[in-house]
Structure formats: structure tokens, C-alpha cells
Amino acid sequence: MFDDFLARAAIAGIGLTLATGPLGAFVVWRRMAYFGDATAHAAILGVALSFAFGTSVYIGTLGVALAMALTVARLSGRGHAMDTMLGVLAHSALAFGLLAASLQSGLRVDLSAWLFGDILAVSKTDLAIVWGGAAVVLALLAWRWQGLLTSTINDELAMASGIDPKREQLVLTVALALTVAVSIKIVGALLIAALLIIPAASARQIARSPETMAIGATGVGVASVLLGLWASMQFDTPAGPSIVSAAAAIFVVSLALRRR
């Protein structure tokens, strides 16, 4: 259990949950699950473009994820039917990404790692990127915490308090794109949204305030990472899906606790 690769995996997963915990709380409060899915699915297109142009996967993924998130946010402000639009954008981006990846023989072989993650293969450089990205996300959320909360409750209340709801939406958009970019190698494009939503949904069952929900979501995320890695080693299962499955199991337990 103390092998270097496993220690790096645990440290990377814990670093990621520092961002996904509080950010996931806002995703749940604002009902942005589809928003997160669309941004995460676009990450595969970013991976394919990064390989095609020989740039860093993290930079390519961040660029495409940010473009997708900004596009969705802009369309939402124009009154488009968001559930339909998000479905079109999410699946189109994923399809174009898979097509682009299929044209590159080297990427085609490793595509499952980008879809479902490969946390056991993270390097020290990956650790620095994950923790650095998580620190930036935490700093953004801490800086705009009250404004984000107020605009989440009611846009009119936010404007009456001198807060611009569009600016707060932009902060969340940037934070979400950055989180997707740094987590693509850990849990993969198809599981990122799950790691954002499930721990926050679990913490919501027992939290008494927004702050305790954000902290609780981080705690559930850490527990999910450690339990998922243990299950992966014990039962020889993929690490990314094991982590999300552990989070789902904790969510079921949280439902039972709420009923009491």
C-alpha cells in the first residue's frame, strides 16, 4: 500500500477533491450537472487536439473545456432551451473528440485512459499540476464565496447587493474548466462530472450550512478516493470507476442517515 505509484495516486486524488468538493456544491445548488457533463465531454476533443499539435494535454484540455463552458454560459443567457442545447453540445464534442482521436494511432490505443482515467499512472509533474490547479480553484471560490452564494440564491438579490451575477457565473465557468483540465488524467472525461456531483449530493443530506456542505463534499471525495484505490488494488478493478463507485456507496449511506 505504500508503493510510490499508489502514494502518488492517493495524493493526486486528494488534491483533486479539494477542488471538486466546494465546486461540486455549487454545481448541485445551481443544478449545473449537465453543464459539467458538457464541459467534461469536450475534454476529449482537447486531448485529441493536444496530441495533433504536440502541445500539453492539460493546456489543450483547458482551452477546449473553457471554450465549451463559455459557450454554454453565453447561450444560457440568451434563453435557449438549455437541456437540449447542453445535450447537443456535450455529445457533439465527445463525438468529434473520438473521431479526432481515432485518426491518431498513438492516441487510439490510450483512449480508454482519457475516458475513464488512469490515476495509478500519475507522475510527480502531474501531481504539481493537479495541486496547483486545485489551489487556483480554491482561491477563486474563496475570493468570490459570498458573491457566489448570493447569486446562487437569487439573481435579483445579488444585483440589489451590488453583485453582478454574470461575473459570478464566469468565476464558476473558469473554475469548472480548470477542474476538468487537471482531473482528465485521474478520473477521465466520462467520470469527472460524477466526482463533482456525487460527493456534494452526499454531503447535502447531512449538512447544516453551505460551508459545512462544501467541507463535507471534500471529505466524501477524499474517502471515495482512498476507498476506491483500496478496492482497485484488492479486486483488480479500474481505479477511476472504483473511486466513483465508492462515492456512490457513500451516497447511499448518506440517504440512510438522512432518514434517521
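Every value quoted in this text rests on a predicted model; they were computed, and no experiment measured them.
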Are the side chains of [X] and [Y] in touch, meaning some heavy atoms are under 4.5 Å apart?
| X | Y | answer |
| --- | --- | --- |
| V222 | L18 | no |
| L99 | L103 | no |
| M68 | L89 | yes |
| V57 | F51 | yes |
| I59 | S50 | no |
| I250 | L227 | yes |
| P241 | V244 | no |
| I44 | L190 | no |

- For A231, enumerate each residue passing the side chain to side chain contact (heavy atoms under 4.5 Å, CB included) test, keeping only those at least two apart in sequence or located in another chain. F235

How long is the straight-line distance from [atom2] of [Y] back to [atom1] of [X], given to the nearest 0.5 Å?
| X | Y | atom1 | atom2 | answer |
| --- | --- | --- | --- | --- |
| I129 | S183 | CD1 | OG | 12.5 Å |
| T150 | I163 | OG1 | CD1 | 4.0 Å |
| F96 | H41 | CZ | NE2 | 15.5 Å |
| I184 | D118 | CD1 | CG | 12.0 Å |
| L191 | I243 | CG | CD1 | 9.0 Å |
| I192 | T39 | CD1 | OG1 | 9.5 Å |

- Message: The test is side chain to side chain contact (heavy atoms under 4.5 Å, CB included); show your working for L149 and E211 and say whether it passes.
- Response: CA-CA 10 Å; L149 280 180; E211 290 77 14; 4.1 Å; yes

Let me check something: do [X] and [Y] share a hydrophobic cluster, defined by ILVMFWY side-chain heavy atoms less than 4.5 Å apart, either directly or through other members?
| X | Y | value |
| --- | --- | --- |
| V28 | L255 | yes |
| I119 | V220 | no |
| L62 | V136 | yes |
| L141 | I215 | no |

- Item | CA sep, side-chain torsions, deciding dist, call: I11, W131, side chain to side chain contact (heavy atoms under 4.5 Å, CB included) | CA-CA 9 Å; I11 293 171; W131 277 82; 3.3 Å; yes

- Query: Under 6.0 Å from the CD atom of E156, do we count more than 12 heavy atoms belonging to anything else shown?
  - Reply: no

Taking all non-hydrogen atoms of both residues, which atom of [X] and which atom of [Y] are closest, and how far apart?
| X | Y | answer |
| --- | --- | --- |
| A181 | T61 | CA-CG2, 3.7 Å |
| A42 | A93 | CA-CB, 3.8 Å |
| A43 | A189 | CB-CB, 4.5 Å |
| V122 | A12 | CG2-CB, 4.1 Å |
| M213 | A203 | O-CB, 3.5 Å |
| L120 | A239 | CG-CB, 4.2 Å |

- Message: If the test is side chain to side chain contact (heavy atoms under 4.5 Å, CB included), which one of V182, L178, V174 qualifies with V137?
- Response: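 Filter result, single survivor: L178.
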
- Just checking, any donor-acceptor pair under 3.5 angstrom between side chains of S151 and R30? yes

- So R8 and D4, side chain to side chain contact (heavy atoms under 4.5 Å, CB included) or not? Walk me through it. CA-CA 6 Å; R8 287 197 300 271; D4 286 347; 3.6 Å; yes

- If you link I, L, V, M, F, W and Y whenever their side-chain heavy atoms are under 4.5 Å apart, who else ends up in the same group as I153? L157

- Show your working on side chain to side chain contact (heavy atoms under 4.5 Å, CB included) between L196 and L176 and close with a plain yes or no. CA-CA 10 Å; L196 279 166; L176 182 60; 3.5 Å; yes

- Item | Main-chain N/O of T20 paired to T17 side chain as donor or acceptor, under 3.5 Å | no

- Query: For G228, does its backbone N or O pair with a side-chain atom of S232 as donor and acceptor, under 3.5 Å?
  - Reply: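 Not a single qualifying donor-acceptor pair exists.
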
- Partners of W29 by ring-ring contact (aromatic ring centres under 6.0 Å, His included), sequence neighbours excluded?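 Once residues adjacent in sequence are excluded, the partners of W29 under the ring-ring contact (aromatic ring centres under 6.0 Å, His included) criterion are F26.
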
